[in-house]
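Order of the sequence lines fixes the chain letters, A, B, ..., with proteins taken first and strands second; residue numbering starts at 1 for each chain.
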Protein chains: 2
Amino acid sequence: MNKCDQCIVRQLTSLQALNKEEVIKLANSKTTYKIKKGEAIFEEGDVTNGVFCVKDGVGKLSKLSANGKDQIVKLVKSGELLGQRSMISNEPANLTAKAVADMEVCFIPKSEIIGFFNTNNQFSMKLMQTVCEDLKESENDKIALVQKTVKQRLAETLLYLHDFFGENEDKTLKVQLTREELAGMIGTATESCIRLLSDFNKLGLIELTGKKILLKDLKALKKIAD
Amino acid sequence: MNKCDQCIVRQLTSLQALNKEEVIKLANSKTTYKIKKGEAIFEEGDVTNGVFCVKDGVGKLSKLSANGKDQIVKLVKSGELLGQRSMISNEPANLTAKAVADMEVCFIPKSEIIGFFNTNNQFSMKLMQTVCEDLKESENDKIALVQKTVKQRLAETLLYLHDFFGENEDKTLKVQLTREELAGMIGTATESCIRLLSDFNKLGLIELTGKKILLKDLKALKKIAD
DNA sequence: CTATAAATATGACATTTATCACGTTTTAAT
DNA sequence: ATTAAAACGTGATAAATGTCATATTTATAG
């Protein structure tokens with residue numbers, strides 16, 4: 001039986017501030033789910049009433065626009081919490097969470113989290129810091145969106161994916177996003193994204209083999225991104 | 001002597017969760033400043049070690065880009081707190097805060113805030129919710145930046161300024177931003193901003209009298225913004 | 001395995017937006 | 001009041017990016 005104690009999510013999030021007793025409470029209240037690639041964990045407008053721990057897989061938080069495009073706000077990977085913001089604000093989800101690769105998640109009810117928040121200062125401080133971290137990142141993204149060209153943002157995003165998810169044995173990026181998803185991350189049209197990837201390929205900065213992307217010249221990509 | 005109790009900032013922020021005793025502590029530890037239009041409260045990279053209460057005036061949080069443009073991330077007005085994020089994250093300021101109109105602010109040292117955070121659950125929850133609110137707003141801005149045209153964003157921003165700051169007796173917008181600042185808010189070139197304002201004027205949606213902007217057709221602006 | 005749909009790719013073109021150049025108006029300092 | 005600087009405004013043009021059409025490749029269901 002999994003007691004949450006050794007879980008990667010516990011090791012990497014505000015949950016690390018919980019004591020033994022609290023972890024046991026946590027283990028008893030959680031529910032585990034499996035989510036297949038493409039399926040939603042929750043959708044914009046859903047009242048989630050708790051948070052999701054990502055034990056395995058990759059998810060995306062996105063918002064559908066009027067013109068049918070899906071803007072990706074954030075990717076989440078194993079070891080992260082999901083849905084904290086709307087739980088704290090007491091609001092329906094502002095974004096849709098979907099699996100980009102098969103996921104395993106645990107659901108922790110709101111009452112549990114609020115309990116920890118009220119009785120464990122270290123926990124509340126950590127949680128707060130996480131949200132602040134997200135805010136900082138979001139603000140910086142916002143600035144990048146305005147101040148950088150699509151080409152710069154693509155380079156930046158490729159480097160981010162490399163840093164954040166790492167590479168396979170063949171050095172290709174571990175996360176497999178469709179071109180459409182990648183376009184959704186950098187905020188551009190799918191065709192523009194494909195075209196620029198193709199340019200980067202021709203320039204020898206990356207190598208495209210089917211859906212796999214290999215970053216060949218990190219230095220040059222960094223130079224473009226700045 | 002101002003005891004903070006009746007201060008607008010206290011009424012509108014997490015500080016409302018403080019009890020009498022705490023407010024007295026607050027009043028004794030705060031320092032009051034006046035900041036002239038154009039002057040900085042803090043700059044990117046500064047270690048602020050506390051938060052600023054905006055008692056009066058208008059401020060902007062912005063970041064300078066490589067090409068010298070100033071992207072405005074957020075405007076703050078009387079009754080808001082400033083610099084919470086970096087204080088909580090224990091990081092230097094990520095943005096520069098400057099006065100757009102003459103300001104009066106109080107500085108509250110970090111130790112004080114952390115004290116309240118640790119001993120007053122209602123306070124910490126409120127503070128958390130504020131940061132969450134900022135995060136939601138930032139994410140939505142981010143999406144708007146990508147999914148909307150400059151024209152849409154200008155209409156949206158004018159409506160926002162109208163809602164957020166209200167109007168003078170002559171119905172013109174109460175905040176006076178330069179065209180450059182307005183451009184910085186919507187993330188475009190100053191010239192593009194001026195051109196579009198001029199278009200809106202010709203179409204009868206707004207009326208420009210010197211620096212004053214009057215929104216004549218809110219409905220039409222809303223339609224453009226969506 | 002085959003049929004069908006989805007994803008990728010590329011060209012042609014339209015649109016949006018930025019940039020540069022310049023003149024005018026307003027603001028602020030002396 | 002005068003002058004310098006800053007803000008505003010507009011045209012011409014270039015650059016970036018989006019859109020549409022269509023072909024090809026790849027993935028997926030049955």
On a heavy-atom basis, which atom in [X] and which in [Y] lie closest, and how many Å separate them?
X	Y	value
B:Gln71	B:Gly184	OE1-O, 3.0 Å
B:Cys193	B:Arg179	SG-O, 3.8 Å
A:Val100	A:Lys37	O-CG, 3.3 Å
B:Ala99	B:Lys36	CB-O, 3.6 Å

To the nearest Å, give me how far apart [atom1] ([X]) and [atom2] ([N]) are.
X	N	atom1	atom2	answer
A:Leu154	D:dA16	CG	C1'	15 Å
B:Asn201	D:dG9	CG	C1'	12 Å
A:Lys212	C:dA7	NZ	P	19 Å
B:Glu180	C:dT26	CD	P	19 Å
A:Lys211	D:dT26	NZ	P	11 Å
B:Asp199	D:dC8	CG	P	17 Å
B:Gln147	D:dT17	CD	P	17 Å
B:Lys36	C:dA28	NZ	P	13 Å

Testing the 3.5 Å rule here: is there a donor-acceptor pair between the side chains of B:Arg85 and B:Ser89? yes
A:Phe107 and A:Phe52 aromatic ring geometry - parallel, tilted or perpendicular at 30°/60° bounds: tilted
Scan for salt bridge (charged side-chain N to carboxylate O under 4.0 Å, His left out) pairs involving residues 204-223 of chain B, sequence neighbours excluded, and state none if there are none. B:Asp170-B:Lys212, B:Glu207-B:Lys216
Is there side-chain contact between A:Lys74 and B:Lys142, with at least one heavy-atom pair below 4.5 Å? no
Any B:Ser198 side-chain nitrogen or oxygen under 4.0 Å from OP1 or OP2 of D:dT10: yes
Should the pair B:Lys60-B:Glu181 be classified as a salt bridge under the 4.0 Å nitrogen-to-oxygen rule? yes
When Watson-Crick pairs (N1 to N3 and N6-O4 or O6-N4) and G-U wobble pairs (N1-O2 and O6-N3) count only below 3.5 Å on both distances, what is the dot-bracket string of DNA chain C, with | for other-strand pairs? ||||||||||||||||||||||||||||||
What does the B/S/- profile of nucleotides 13-21 of chain C look like, 5' to 3', with a 4.0 Å heavy-atom cutoff to protein? ----SBBB-
